[in-house]
Participant: 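Take a look at this one; I'll ask things after.
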Amino acid sequence: MHNQHTLLLRFPSLPSHSLTILHRTTKTKLNSTRRKHTPTSSFRRSNWIVPKAMHCTSLCGGGNDNNNNNDASFRNLNESTFLASLMPKTEIGADRFLHSHPDYDGRGALIAIFDSGVDPAAAGLQVTSDGKPKIIDILDCTGSGDIDTSKVVKADADGCISGASGASLVINTSWKNPSGDWHVGYKLVYELFTENLTSRLKKERKKKWDEKNQEEIAKAVKQLTDFDQEHIKVEDAKLKKVREDLQNRLDLLRKKSESYDDKGPAIDAVVWYDGEVWRVALDTHSLEDDPDCGKLANFIPLTNYRTEKKYGIFSKLDACTYAVNVYNDGNVLSMVTDSSPHGTHVAGIAAAFHPEHKCDLINMSYGEPTSLPDYGRFVDLANEAVNKHRLIFVSSAGNSGPALSTVGAPGGTSTNIIGVGAYVSPAMAAGAHCVVEPPSEGLEYTWSSRGPTTDGDLGVSVSAPGCAVAPVPTWTLQRRMLMNGTSMASPSACGGIALLISAMKAEGIPVSPYSVRKALENTSIPIGDSPEDKLSTGQGLMQIDKCYEYIQQSQNIPSVQYQINIKQSGKTNPSSRGIYLREANACRQPTEWMVQVDPKFHEDANKLEELAVFEECIELHSSDKTVVKAPEYLLLTHNGRTFNVFVDPTNLNDGLHYYEVYGIDCKAPWRGPLFRIPITITKPMAVTDRPPQVSFSKMLFQPGHVQRKYIEVPHGASWVEATMNASSFDTARRFFVHTVQICPLQRPITRRNVINFSSPTAKSFTFRVVGGQTLELVIAQFWSSGIGSPETTSIDLEVVFHGIKVNKEEIVLDGSEAPIRIDAEALLASEKLAPVAILNKIRVPYRPIDAKISSLSSDRDKLPSGKQILALTLTYKIKLEDGAEIKPQIPFLNDRIYDTKFESQFYIISDSNKKVYSSGDAYPNSTKLPKGEYNLQLYLRHDNVQVLEKMKQLVLFIERSLEEKEIIWLSFFSQPDGPLMGNDSFKSSTLVPGIKEGFYLGPPAKDKLPKNSLQGSVLVGSISYGKLLLAGQRDRKYPEKHPVRYRVSYIIPPNKVDEDKGKKSSSSSKKTVSERLEEEVRDAKIKVLGGLKQESDEECLEWKELSASLKTEYPKYIPLLAKILEGLVSRSSIKDKVHHDEEVIDAANEVIDSIDREELAKFFALKNDPEDEEAEKIKKKMESARDQLAEALYQKGLALAEIESLKEVDKSLASAATEVAKQDVEKTDEQSNDDAVHPDLFLENFNELKKWVDVKCTKYGILLVTNERRNQRLGTALKVLSDIIQDDAEPSKKKFYELKLSLLEEIGWTHFAANEREWMLVRFPPSLPPF
């Protein structure tokens, strides 16, 4: 397993996944690791080995000898066997195979590792034993590392370009670029790192930042102390402001130390075409301590990894390896990093060797539960890969055991994927796990997922070693790491299969996933002694040496997959792949099943030479004819054949039973079973006691022991209260208590608890059940718990069923005042009825404001079949009246990955500055957002444009959790008028079997509804009915704490009609028609003026002429003058800033001079009667005048400050500016020393503004900042600006942060400024990241 090339795939994180291709040889270790997509559903898988001539499980005695020999050979570890146990090969016969075939060490086999990303610098992943590159290609399959490089720039005369981050970059003159076009982009580097790496870097960077900040704090303290010593008593106003400034500096530094947040540096990327290939260079100097390191010009250019097999490392600090790929003619740069050590670890277990063409195997070590087995877009593509392109697809079965039907998608639920369970041998236990006393024989890990699938398929195909000490990425700062899981079993199996492919290619044996899988399953060694063990381990522990012998013997037999479709006679249910009798009714009578067997050839099979001549005489066998009967023979042709199977479970004992019907080739019985029909029967015990309960006494457990109980849950039961008592043990014990029920078209209802006993004691727990459905209750002692102890643990378990049946499980209150009647009854035993209902979330519906369908790039998003992937981008406008924690909900799409026909779903939430606040996928995240407006972009992919067209009006909900004070507790009543009358409340009662009790759930009071809740929004929450005997007082109060809770929702009705709306003013207008017409015309002209664009010189001239004409027509009309000032301020293309500022000052002065400030001051000094309509009209007019005056003073102040600033930059402009605007801006650079001759116009204007408004507010605060800066009180200026930014309810204004940066640089706090500069690209990115 050493000379393999592995193809590694990386996905985002959304966890990131990547595809990597590796070489393989005996003298080098196999590498391949995979990362789970959903952390809650990791999968581990195990392998069995069946003897070469095996016909069915019951005939496999010979194989057990091999397995026993493997286990029996283990005695005590020495150094050699210890090291070998860290990367298990003996268990699957790989070492024996390599000893017999040293040249078939994986060379010629190509593996695709579909996982979380692989580090090409990791130990053992560089070259094969014969010197070839081990990793052939590395691809990002998620887009999480994509950088938009569509922006093209040219270098200036000095060889510099402007990077996408805004940095000036120097180009290396030796780089060839015939076109001179440089594609630029940038990336926040933490977006490419894992959480663990980012956390480490943040700590290290924070430590350095703190050192610099403490230096500045020490300086600030000294300055303040020196001032206080020099000025013992400060009474002068100017000195008070100086001291305030010093204190503000100290406060700002201390506050920043507490609120410091590191978003990480940005790296600039440059892409160009050198005439042969696309090249990539990075500027990473922001990651380095040495300012001369990491500069763009010093970078050694990379190209697509497949071309040159080269990679880079960002910096010594992070030690993170990356590869690059360029797509779409240089417009997209893909940075490929790993999202966890999982992928490298998997690759480290499974690597392979290289021809430069398509891969032979795919390993995928992640997955999750699914509601529909063998269904969805992913399964469709996997089927195409296997059936059409002959890829062997290996995947983990899952880590969700030990209960049955816990295999996950896609590995354990898909027909064409080899699902692998996790096995642990005594040597692995002693070596890798370092247990004191290993088990006497190998076994399946306790957590390894079990079959069958919900449609009866076996689920687990084979088992393989489920742990390894394998390579991990360099950034972890260690070479190897122990991991266990079916994630490790899958690459172990995949690496073993790569040895087979190496041999098959060398011997000229055609490689087919059909024939290889058949050989694997028919040569595996069974694990365990009972037929039921197959549900845990599949056909057994795979054996590479025996498998190769089988392949050699069957190389001339056509490669055929026997597809099984089963239907129950007389039923219209969907077809299944096995027979699964789980429910009580199905076990009470015999059933007949129609089995359709269809031989499937690869799509390129020759119709005349293979399909037309195919004919097999098959002998059918039943593993137990007293229960399962089938015909004796079957003549099978290419078009398939149907036969009947009769199953009679009526005489079986309660519990688990497993049988098979399998077909043997009459002419070649040595081939073993050509196909198997798994038959699983879980016959439940009936609950006859009243009150309904069952007890299991003195169940004895040793390490790894599993006991399964099947119970027919009584009709009317909805929850269980159980007590587990452990005794008769010495050292601590660890148990899994796992329950599963299966309901149609939904994921299995599971509950898995890990219960630890440090001493003999009893523990209680509750869980939900569905009445009438079979409950599997599994108790398992963890495989390594209690190892070394001679004591056997005794377990007593009491299970008590409870239930309250209601006529409405999901309640919808329609927004009216009417309550909802609820009828409740207890069918089993007396129950305490204590209903509790709560509304604690609000869901607001949105439809998209924009929908765009686009075709994705053909070099990356085109299927081998030629189908082009399309993308639908939906844009939603979201408005939050207050800050809130929200979660997007798309009922049609959420919570489905493998059981959906869509390829992907992603969303991004951003503000008007394109700042990204949140992103997510099928499992949306809750995100805290401040008050404001946001864009949510939803991205869907499919290859059918008609499907995407139907999604253009997709409804999305924004769900917000209500604050504690907003939560609504609903009330219950005994009478229908109770909600209105406020009496007859209902609290609780005792339900007696056979007697229903009715009560009413009232709607929430209108004054309790959350403020700003829109019509059509939905309040949602939970309702529970029963009182838990085991729950505490607090848990009884919250329905979410009850194992059985139902959804309750309330549709928000229309708002109350405003009674004052539409009422006419009591005072009729005294103006004539002609006067009103004249005013309407005037206002219309002003509106036209406000709507004119001023983008070109011609448009500016038209605007100027119209404004001058209107001023002549309506002199001293304040709204017109204010509109003219507004037009000047809004002008964007300004050539002469000084001249423009002078125009603004003139326009502002016209507004100021037109307002009678004395009259205005007198008015606001008096109080007005709010009941007097005329007084209110005057008040509104005066408030408008005051606002116009303040706006004019504000704009004038900004213009004066800018002229002053420009004069300081270029003193040659000072004389010209003074000459042109001598009435208002006549100043000199010496004005502060000669105020009598040249008054400080800015200060005069600022003091006037202070009379009318609070200059500390967001709207006018910039002038206060400018005033403090002019007086060199930079600390106060920064404090005022920080307060403005914090108090601003609108999206962040870039000018505020640019001003903050300039103040920080002026004050000399470079470390502070560097942190703020990194944040600028977070707050104000030039564009949204690509999906």
Side-chain angles (χ1 to χ4, degrees), residues 369-376 379-380 382-383 397 404-417 419 449-461 521 531-532 534-535 538-539 561-587 589-600 620 622-623 627-631 634 640-649 656-663 673-683 740-749 773-774 776 898-899:
T370 180
S371 58
L372 291 169
D374 207 32
Y375 170 86
V379 173
D380 293 342
N383 290 342
L404 299 188
S405 300
T406 51
V407 285
T413 62
S414 307
T415 298
N416 281 311
I417 297 177
S449 289
R450 268 68 171 179
T453 62
T454 54
D455 69 337
D457 193 37
L458 189 59
V460 182
S461 175
E521 293 179 345
E532 290 75 24
K534 273 196 175 188
L535 297 169
Q539 302 305 329
Q561 179 190 57
Y562 298 84
Q563 183 174 298
I564 305 295
N565 283 290
I566 305 171
K567 283 197 173 187
Q568 185 176 353
S569 298
K571 300 284 187 178
T572 58
N573 295 339
S575 63
S576 61
R577 295 172 293 163
I579 297 174
Y580 194 3
L581 303 182
R582 184 178 176 93
E583 306 308 327
N585 286 337
C587 299
Q589 58 188 7
T591 52
E592 187 178 22
W593 302 79
M594 301 287 292
V595 179
Q596 173 75 30
V597 182
D598 290 306
K600 296 294 180 184
L620 296 176
S622 167
S623 57
V627 179
V628 179
K629 297 179 181 179
L634 182 75
R641 186 67 189 272
T642 300
F643 63 92
N644 290 3
V645 170
F646 183 84
V647 181
D648 184 3
L656 173 63
H657 307 271
Y658 178 80
Y659 307 96
E660 283 183 352
V661 170
Y662 54 92
L674 303 183
F675 58 83
R676 296 177 173 88
I677 300 167
I679 301 159
T680 307
I681 302 172
T682 58
K683 192 170 185 178
V740 173
Q741 284 187 291
I742 297 176
C743 297
L745 298 179
Q746 67 181 69
R747 294 179 178 182
I749 302 170
Q773 301 289 123
T774 295
E776 179 185 20
Y898 298 105
D899 46 354

Participant: Starting at CG of L674, measure out to OH of Y562 and round the result to the nearest 0.5 Å.
Facilitator: 4.5 Å
Participant: A side-chain contact here means heavy atoms from C-beta on lying under 4.5 Å apart; do Q568 and T591 qualify?
Facilitator: yes
Participant: Between the side chain of T406 and the main-chain N/O of S449, is any donor-acceptor distance below 3.5 Å?
Facilitator: no
Participant: In terms of side-chain heavy atoms, does Q561 have a donor or acceptor partner in D598 at a distance below 3.5 Å?
Facilitator: no
Participant: Please give me the minimum heavy-atom distance between R582 and T774, naming the atom from each residue.
Facilitator: O-OG1, 2.7 Å
Participant: Passes side-chain contact (heavy atoms from CB on, under 4.5 Å), Y375 versus D380? Steps please.
Facilitator: CA-CA 7 Å; Y375 170 86; D380 293 342; over 6 Å; no
Participant: Can you find a pair of side-chain heavy atoms, one from V645 and one from V628, that are under 4.5 Å apart?
Facilitator: yes
Participant: Got a second to check how far L620's CG is from Y662's OH, nearest 0.5 Å?
Facilitator: 10.5 Å
Participant: Show, in sequence, the C-alpha distance, side-chain angles and deciding distance for V460 and L535, and conclude whether the side-chain contact (heavy atoms from CB on, under 4.5 Å) test is met.
Facilitator: CA-CA 7 Å; V460 182; L535 297 169; over 6 Å; no
Participant: To the nearest 0.5 Å, what is the distance between NZ (K600) and CG (N383)?
Facilitator: 11.5 Å
Participant: So how far is it from I564 CD1 to T415 OG1, rounded to the nearest 0.5 Å?
Facilitator: 10.0 Å
Participant: Measuring from atom OH of Y658 to atom NZ of K534, what distance do you get when rounded to the nearest 0.5 angstrom?
Facilitator: 5.0 Å
Participant: Could you tell me if the side chain of P678 sits less than 4.5 Å from the side chain of I579, heavy atoms only?
Facilitator: no
Participant: Do S461 and Q539 have a side chain donor and acceptor closer than 3.5 Å?
Facilitator: no
Participant: Looking at S576 and G578, would you say the former's side chain and the latter's main chain have a donor-acceptor pair under 3.5 Å?
Facilitator: yes
Participant: Which heavy atom of M594 sits nearest a heavy atom of S569, and at what distance?
Facilitator: CG-OG, 3.6 Å
Participant: Sequence neighbours left out, what passes side-chain contact (heavy atoms from CB on, under 4.5 Å) with P574? Give chain and number order.
Facilitator: none
Participant: Identify the two heavy atoms, one from G412 and one from V407, that lie closest to each other, and give their separation to 0.1 Å.
Facilitator: O-CG2, 3.6 Å
Participant: For D455, which residues count as a salt bridge (Lys or Arg N to Asp or Glu O under 4.0 Å) partner, sequence neighbours excluded?
Facilitator: R577
Participant: Looking at every heavy atom in both P649 and L581, which two are closest together, and how far apart are they?
Facilitator: CG-CD1, 4.1 Å
Participant: Considering non-hydrogen atoms only, spot the tightest contact between N565 and S575 and give its length.
Facilitator: OD1-OG, 3.5 Å
Participant: Strictly distance-based, threshold 3.5 Å: is any side-chain N or O of S623 a donor or acceptor partner for the main-chain N or O of E660?
Facilitator: yes
Participant: For a side-chain contact (heavy atoms from CB on, under 4.5 Å) with P410, tell me which candidate from D899, I417, T370 qualifies.
Facilitator: I417
Participant: Mind checking the CD1-CD1 spacing from I679 to I566? Nearest 0.5 Å is all I need.
Facilitator: 7.5 Å
Participant: Do we see a donor-acceptor contact under 3.5 Å between the side chains of D374 and T413?
Facilitator: no
Participant: Taking side chain as C-beta onward, heavy atoms only, is Q596 less than 4.5 Å from Q563?
Facilitator: no
Participant: Are the side chains of V647 and I681 in touch, meaning some heavy atoms are under 4.5 Å apart?
Facilitator: yes
Participant: Between the main-chain N or O of P452 and the side-chain N or O of S405, is there a donor-acceptor pair closer than 3.5 Å?
Facilitator: yes
Participant: Report yes if the side chains of L404 and V740 come closer than 4.5 Å at any heavy-atom pair, otherwise no.
Facilitator: no
Participant: Looking only at heavy atoms, what is the nearest atom pair of Y580 and G456, with distance?
Facilitator: CB-CA, 3.9 Å
Participant: Taking the side chain as C-beta and beyond, is there a heavy-atom pair between F675 and V595 under 4.5 Å?
Facilitator: no
Participant: Verify, without hydrogens or angle tests, whether Q741 (side chain) and Q773 (backbone) share a donor-acceptor contact under 3.5 angstrom.
Facilitator: yes
